[in-house]
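Only one structure is covered here, and it is reproduced in the block below.
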Amino acid sequence: MSRIGLGTWAIGGWMWGGADDAASVATLRGAIERGINLIDTAPVYGFGHAEEMVGQALQGIRDQAVIATKAGLEWAGEGVRRNSSPARIRREVEDSLRRLRTDRIDLYQIHWPDPQVPIEDTARTLQDLQREGKILAVGVSNYSPEQMDQFRAVLPLASVQPPYNLFERAIEADVLPYAREHQLAVLAYGALCRGLLSGRMTVDTTFGSDDLRSNDPKFRRPRFDQYVRATKELEAFARIRHDKSVLALAIRWVLDSGPTIALWGARRPDQLNGVDDAFGWHLTDTEMAEINELLDKNILDPVGPEFMAPRARD
């Protein structure tokens with residue numbers, strides 16, 4: 001897999017202000033042309049729409065891509081809840097294969113742990129799907145080390161997908177060391193922190209009611225001011241030290257922080273510009289320490305991505 005993967009949540013449209021199908025297909029094909037062969041998607045991204053766009057875009061070039069999708073969420077209307085039961089996963093894998101227009105899923109991940117279903121039961125279901133050839137490698141998303149231990153007692157894991165970026169670093173205390181120890185790839189989602197680290201936002205940037213950032217505490221003042229100020233200082237740091245953008249710095253930081261793959265969310269071809277700038281250089285230990293000091297100075301009231309967690313079933 002490429003060290004940068006294309007994240008397709010925004011391509012689904014839901015919680016991102018709608019979708020533009022022609023732009024989505026162009027973005028997906030543009031990613032492949034740039035050497036981004038990992039396409040990360042999920043049924044819940046637009047309630048199947050993102051997967052459909054992936055399937056459409058990869059017609060004729062399927063073997064050039066590594067498709068990573070997920071299971072374990074269900075929805076009624078726009079309400080989403082966790083469900084990793086064997087029956088739900090069985091239904092989801094067939095729906096995903098149809099939408100993706102493929103005969104196998106390269107990396108199949110459980111989207112969120114489901115407290116109502118024993119993790120061992122979920123793992124056995126994926127083990128059966130693997131034996132049937134419908135899925136190849138297996139991963140989990142948003143799992144703790146303890147939950148991964150339970151899963152791995154039944155079936156080996158190839159990857160874990162947690163939120164990870166310059167502003168959201170909780171995994172450094174547990175998930176990241178666990179991944180290093182057990183040789184798991186870390187698919188870091190939110191590498192640009194929902195656009196904060198793109199360098200394009202100001203304190204006056206606003207978000208519509210159908211944009212998930214309207215519910216993210218980071219994007220509400222006075223916290224928003226702190227994060228924008230930190231981004232501006234990171235931008236200056238990147239320009240002075242490496243003649244790079246803050247966007248390139250944010251991705252390079254993720255890539256230099258472990259066995260990581262940075263998921264780059266884009267839904268227009270121009271949003272792929274800058275991918276190449278993340279390669280060909282590295283951050284030194286001294287620079288990493290300076291970045292930490294910069295963040296500590298500016299972000300006085302940090303908050304994580306907890307607002308994104310879907311509810312468990314009653």
Side-chain angles (χ1 to χ4, degrees), residues 1-70 96-102 105-107 109 111 141 161 163-165 187-201 205 207-208 210-213 244-248 250-252 254-255 260-279 308:
M1 294 189 289
S2 51
R3 290 293 307 278
I4 290 178
L6 180 65
T8 63
W9 188 1
I11 281 175
W14 176 61
M15 299 184 76
W16 288 93
D20 180 329
D21 291 357
S24 296
V25 170
T27 302
L28 286 153
R29 285 187 166 262
I32 296 293
E33 291 168 3
R34 289 172 179 265
I36 299 175
N37 70 350
L38 172 63
I39 308 297
D40 183 77
T41 189
V44 76
Y45 299 165
F47 308 117
H49 192 67
E51 285 189 329
E52 289 172 352
M53 291 298 96
V54 172
Q56 180 178 332
L58 294 183
Q59 288 301 287
I61 56 172
R62 167 65 182 92
D63 290 341
Q64 297 180 37
V66 176
I67 296 178
T69 193
K70 307 176 187 74
S96 289
L97 287 168
R98 172 179 49 80
R99 288 189 290 254
L100 292 165
R101 306 186 193 184
T102 187
I105 293 165
D106 301 304
L107 176 63
Q109 306 158 96
H111 209 148
S141 181
Q161 184 173 151
Y164 191 47
N165 56 65
L187 277 62
Y189 75 79
L192 297 179
C193 200
R194 297 168 290 288
L196 256 177
L197 290 161
S198 68
R200 297 173 183 154
M201 293 185 185
T205 302
F207 308 95
D210 60 344
D211 190 310
L212 87 159
R213 290 169 290 194
K244 300 293 184 182
S245 67
V246 67
L247 185 151
I251 298 298
R252 187 69 254 166
V254 170
L255 299 181
T260 46
I261 292 170
L263 296 180
W264 180 303
R267 55 178 170 172
R268 301 192 315 268
D270 65 282
Q271 291 176 330
L272 295 171
N273 294 338
V275 167
D276 294 340
D277 287 343
F279 294 98
M308 290 193 291

Exercise. Could you give the distance from CG (Leu187) to CG (Leu38), rounded to the nearest 0.5 Å?
Worked result: 5.5 Å
Exercise. How many angstroms lie between CG in Leu28 and CE in Met53, if you round to the nearest 0.5 Å?
Worked result: 9.0 Å
Problem set entry | CA sep, side-chain torsions, deciding dist, call: Ile67, Leu100, side chain to side chain contact (heavy atoms under 4.5 Å, CB included) | CA-CA 9 Å; Ile67 296 178; Leu100 292 165; 3.9 Å; yes
Which heavy atom of [X] sits nearest a heavy atom of [Y], and at what distance?
{"X": "Leu197", "Y": "Cys193", "value": "CD1-CB, 4.1 Å"}
{"X": "Gly274", "Y": "Leu247", "value": "O-CD2, 4.5 Å"}
{"X": "Asp40", "Y": "Gln109", "value": "OD1-NE2, 3.2 Å"}
{"X": "His49", "Y": "Ile11", "value": "CD2-O, 3.9 Å"}
{"X": "Ala191", "Y": "Ala250", "value": "O-CB, 4.2 Å"}
{"X": "Ala42", "Y": "His111", "value": "CB-CE1, 3.7 Å"}

Exercise. Do side-chain atoms of Trp264 reach the backbone of Gln271 as a donor and acceptor pair under 3.5 angstrom?
Worked result: yes
Exercise. Does Arg200 reach the main-chain N or O of Gly195 with its side chain, forming a donor-acceptor pair under 3.5 Å?
Worked result: no
Do [X] and [Y] have side-chain heavy atoms sitting under 4.5 Å apart?
{"X": "Phe279", "Y": "Leu255", "value": "yes"}
{"X": "Thr41", "Y": "Lys70", "value": "no"}
{"X": "Leu263", "Y": "Ile4", "value": "no"}
{"X": "Glu52", "Y": "Arg101", "value": "no"}
{"X": "Ile105", "Y": "Leu97", "value": "yes"}
{"X": "Leu196", "Y": "Arg194", "value": "no"}
{"X": "Leu272", "Y": "Thr27", "value": "yes"}
{"X": "Gln64", "Y": "Asn37", "value": "no"}

For this session: Kindly determine whether Gln56 and Asp21 satisfy side chain to side chain donor-acceptor pair (under 3.5 Å), including the steps that lead there.
Result: CA-CA 10 Å; Gln56 180 178 332; Asp21 291 357; over 6 Å; no
Exercise. For Tyr164, what residues pass the ring-ring contact (aromatic ring centres under 6.0 Å, His included) criterion, not counting sequence neighbours?
Worked result: Trp253
Problem set entry | Matching residue for Ser2 among Ile36, Val66, Ile261 - test: side chain to side chain contact (heavy atoms under 4.5 Å, CB included) | Ile36
Exercise. Is the Trp9 ring parallel, tilted or perpendicular to the Tyr45 ring (thresholds 30°, 60°)?
Worked result: parallel
Exercise. With no hydrogens and no angle check, do the side chains of Arg268 and Asn273 hold a donor and an acceptor under 3.5 Å apart?
Worked result: no
For this session: Answer with yes or no whether the side chains of Thr69 and Glu51 bring together a donor and an acceptor at under 3.5 Å.
Result: yes
Exercise. Is any side-chain N of the basic residue among Arg252 and Asp277 closer than 4.0 Å to the acidic one's carboxylate O?
Worked result: no
Problem set entry | Salt-bridge criterion met for Arg62 and Asp106 (N-O under 4.0 Å) | yes
For this session: Walk me through it: do Arg3 and Thr260 pass the test side chain to side chain contact (heavy atoms under 4.5 Å, CB included)?
Result: CA-CA 7 Å; Arg3 290 293 307 278; Thr260 46; 3.5 Å; yes
